[in-house]
Colleague: 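This is the structure I have questions about; it appears just below.
Just so it is clear, the values below take in all heavy atoms, side chains as well, and ignore hydrogens, waters and symmetry mates. Below, chain A is the first sequence line, B the second, and so on; all start at residue 1.
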There are 2 protein chains.
Amino acid sequence: MVQAQERTAVRAKKRFHHGDLREALIAATRDLLIEHGPDGFTLADACRRAGVTTAAPYKHFRDKQEIIEEIVARGFEELTAANAKAVAEGGPGTVAGITAIGLSYLDFAVAQPAVFRLMFGHKSKIRKVNHVDESGNRCLKSVIEQVAAYSRKHGHTADAEKIAIRLWTFVHGASSLELDGDYERVAPGLNVHDLIAGVTPKLLGAASEGRAPRGKKR
Amino acid sequence: MVQAQERTAVRAKKRFHHGDLREALIAATRDLLIEHGPDGFTLADACRRAGVTTAAPYKHFRDKQEIIEEIVARGFEELTAANAKAVAEGGPGTVAGITAIGLSYLDFAVAQPAVFRLMFGHKSKIRKVNHVDESGNRCLKSVIEQVAAYSRKHGHTADAEKIAIRLWTFVHGASSLELDGDYERVAPGLNVHDLIAGVTPKLLGAASEGRAPRGKKR
DNA sequence: TAACCTAAGTTAGATATGCTAACTTATTGA
DNA sequence: TCAATAAGTTAGCATATCTAACTTAGGTTA
C-alpha cells in the first residue's frame, strides 16, 4: 500500500515525463482564463500549475498564442453543440426553439466569459482563421435554418438570413453587455433571459405562439 | 534664422523638460492603441514615441492602467457628445433621431475600435468606476428620454427604459460584431448601417414615419 | 536483452516590460 | 537670487516570452 502510494506520488510529481502535458497545459490555461480574464493569464503560471518549467510548453505549442487558438477552437465546438441541443429541446422551427438558441448562446458567454471574448474578440489574435470561420459559419447557418423553417410554417416571405443576423446581433449584444458588467452598472437587476425571450418573437415577426421556454432567475 | 531653427530643434528634441508629457503620452498611447489594438500596446513604446525614458510616465500617472483610464474617460465624453449631436440633427423624439444615435454609436466604435473595447470591455480593467459609470448612465439616459418623447408623441404606453435597453443591446451587438470582424467572416458585404436603421423602428414599435437618415455606403 | 533513437523534459540565457529608488536639471516664485 | 519643487534621467529588480543546448526516459528493433 505504501509502495503503491509512493508509486502514485512518483507518477504524479517526480516523473520526468509528464504524461500528457499538452492537455494539462490547456486545462491549466482555461482555469487561469476563468480566474484572471483573457489578459491576466500568463504561460508561466500555467507551467507552474502543471508542474513543469516555463520552457516545456514549447515542445507542444509553437507559442503562447497557439494554446489560445486551441481553446478558441474547442469553444466553438462546444457552443455549436450547445445550440444544437437547445434547438432540439425547444422545438425546431418554433419561436421557443429559436429563443432557446439565443439563451444557450448567452449561457455559454456567461459561463465562460474569457473564452467567449477570445472567440469573438478582434480576430487579429487568431491565426488559425479557417477552422474558426467554419465553426462560426456553422453556428449562424443553424439559426438561419431554424428561421427558414419557422417562416415556411407560418407562410412568411421574409429573408431568413436577414432575420437570423438580426437575432444573432441582438443576442450577441445582450451577452456582451451582460458579461462585461455593463448592464449591471446602468440597469441593475435586469433579467437578460427575459430580455432575449421578449425580443426574439418581435424580430421573428411573430404575433404570438406560446410563451418563452425556461424563465430562470437571472 | 539658423538660430531660430536651432531653437526650435532644441525645443522639440533636447529640452530636459518635455513641455507637456502628460498629453504627449496620452496621444502616443491612443495612436498605439489604434495600431496594435487594446493589448498590443506597451508603455515603453509610448515613451519612445514621446522621446522620453520608460521611467518618465510615472511622474504623471500612477501606472500603465491610469493612462488607459484617462483615455476611456475621454472616450465616454466623446461618445456622449456625438450622440447628442446626432439626436439634435436627426430630430429629437423621432425615429430618425433615435436611429441617428445608434448610427453615431456604431460610427464611434468603428472609428476607434480599441478605445471602444476598453470602454465596454470587462470592467475589472477599470478602477475609476465612478466616473465611467456616470458617463455610461448619461448615454443611456439620453436614449431613454428620446424614446419617452417618441412614445408620448404617438400615444404609446410602453416602458421607455425597457425599449431603450433593447435598442442599446442591438446597437451594441451590431457595433461589436462589426468591429471584431465577425460579420465579415460570416456574412461578407453586410451593410451595418442598414441593419440598424432597419431594426430601430421595429424595436420602437413604429409602423412607419419616414425613412432612415443617412444611408451611407457600408 | 541491449543499444539506440527520439520525444519530452531541463537549465541557462537573451531580450523586453512594468515599475521603483535615487539622483540631476530646470523652472518658478518668495 | 536662491531655495523648493516639478519633471526628467540612470540603474536596477522582478517577471515574462521564447531559444539553444543538454539530459533523461520510453519504445523499437536487432
Colleague: Only pairs at least two apart or in different chains count here, so list each side chain to side chain donor-acceptor pair (under 3.5 Å) that has a residue in residues 49-59 of chain A.
Modeller: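 Of all non-adjacent pairs touching residues 49-59 of chain A, those that pass side chain to side chain donor-acceptor pair (under 3.5 Å) are A/E35-A/R49.
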
Colleague: Test of understanding: with side-chain contact (heavy atoms from CB on, under 4.5 Å), list the residues that count as partners of B/A149, not counting sequence neighbours.
Modeller: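 Testing B/A149 for side-chain contact (heavy atoms from CB on, under 4.5 Å), a comparison that skips the adjacent residues, returns B/R152.
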
Colleague: Using atom CG of B/D39 as one end and atom C1' of C/dT17 as the other, report the distance to the nearest whole Å.
Modeller: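 From B/D39 CG to C/dT17 C1': 15 Å.
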
Colleague: Can you name the side-chain contact (heavy atoms from CB on, under 4.5 Å) partners of B/V199, sequence neighbours left out?
Modeller: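 Residues passing side-chain contact (heavy atoms from CB on, under 4.5 Å) with B/V199: A/R166, A/L203, B/F170, B/L203.
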
Colleague: Starting at CZ of B/R22 and ending at P of D/dA7, how long is that distance when rounded to a whole Å?
Modeller: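 Atom-to-atom, B/R22 to D/dA7, this comes out as 11 Å.
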
Colleague: Charged N to carboxylate O under 4.0 angstrom, B/E145 versus B/K141?
Modeller: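 Result for this pair is no, no salt bridge flagged.
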
Colleague: Just to verify, what does B/E161 make a side-chain contact (heavy atoms from CB on, under 4.5 Å) with, not counting sequence neighbours?
Modeller: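 Residues passing side-chain contact (heavy atoms from CB on, under 4.5 Å) with B/E161: A/A187, B/I144, B/D159, B/I165.
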
Colleague: Any side-chain N or O of B/H60 below 4.0 angstrom from OP1/OP2 of D/dA6?
Modeller: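 B/H60 to D/dA6 OP1/OP2: no side-chain N or O under 4.0 Å.
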
Colleague: Taking side-chain contact (heavy atoms from CB on, under 4.5 Å) as the test, write out the residues that go with A/V52, two or more places apart.
Modeller: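 Applying side-chain contact (heavy atoms from CB on, under 4.5 Å) to A/V52 gives A/H18, A/L21, A/C47, A/A50, A/A56.
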
Colleague: How does protein contact run along nucleotides 13-20 of chain D, one letter per nucleotide 5' to 3', with B for base contact, S for sugar-phosphate only, - for none, heavy atoms under 4.0 Å?
Modeller: ---SSBB-

Colleague: Nearest whole Å is fine: how far is C/dT27 P from B/D20 CG?
Modeller: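 For the pair B/D20 CG and C/dT27 P, the rounded distance is 15 Å.
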
Colleague: Over how many whole Å does the gap from A/L21 atom CG to D/dA25 atom C1' extend?
Modeller: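 Rounded to whole Å, this separation is 15 Å.
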
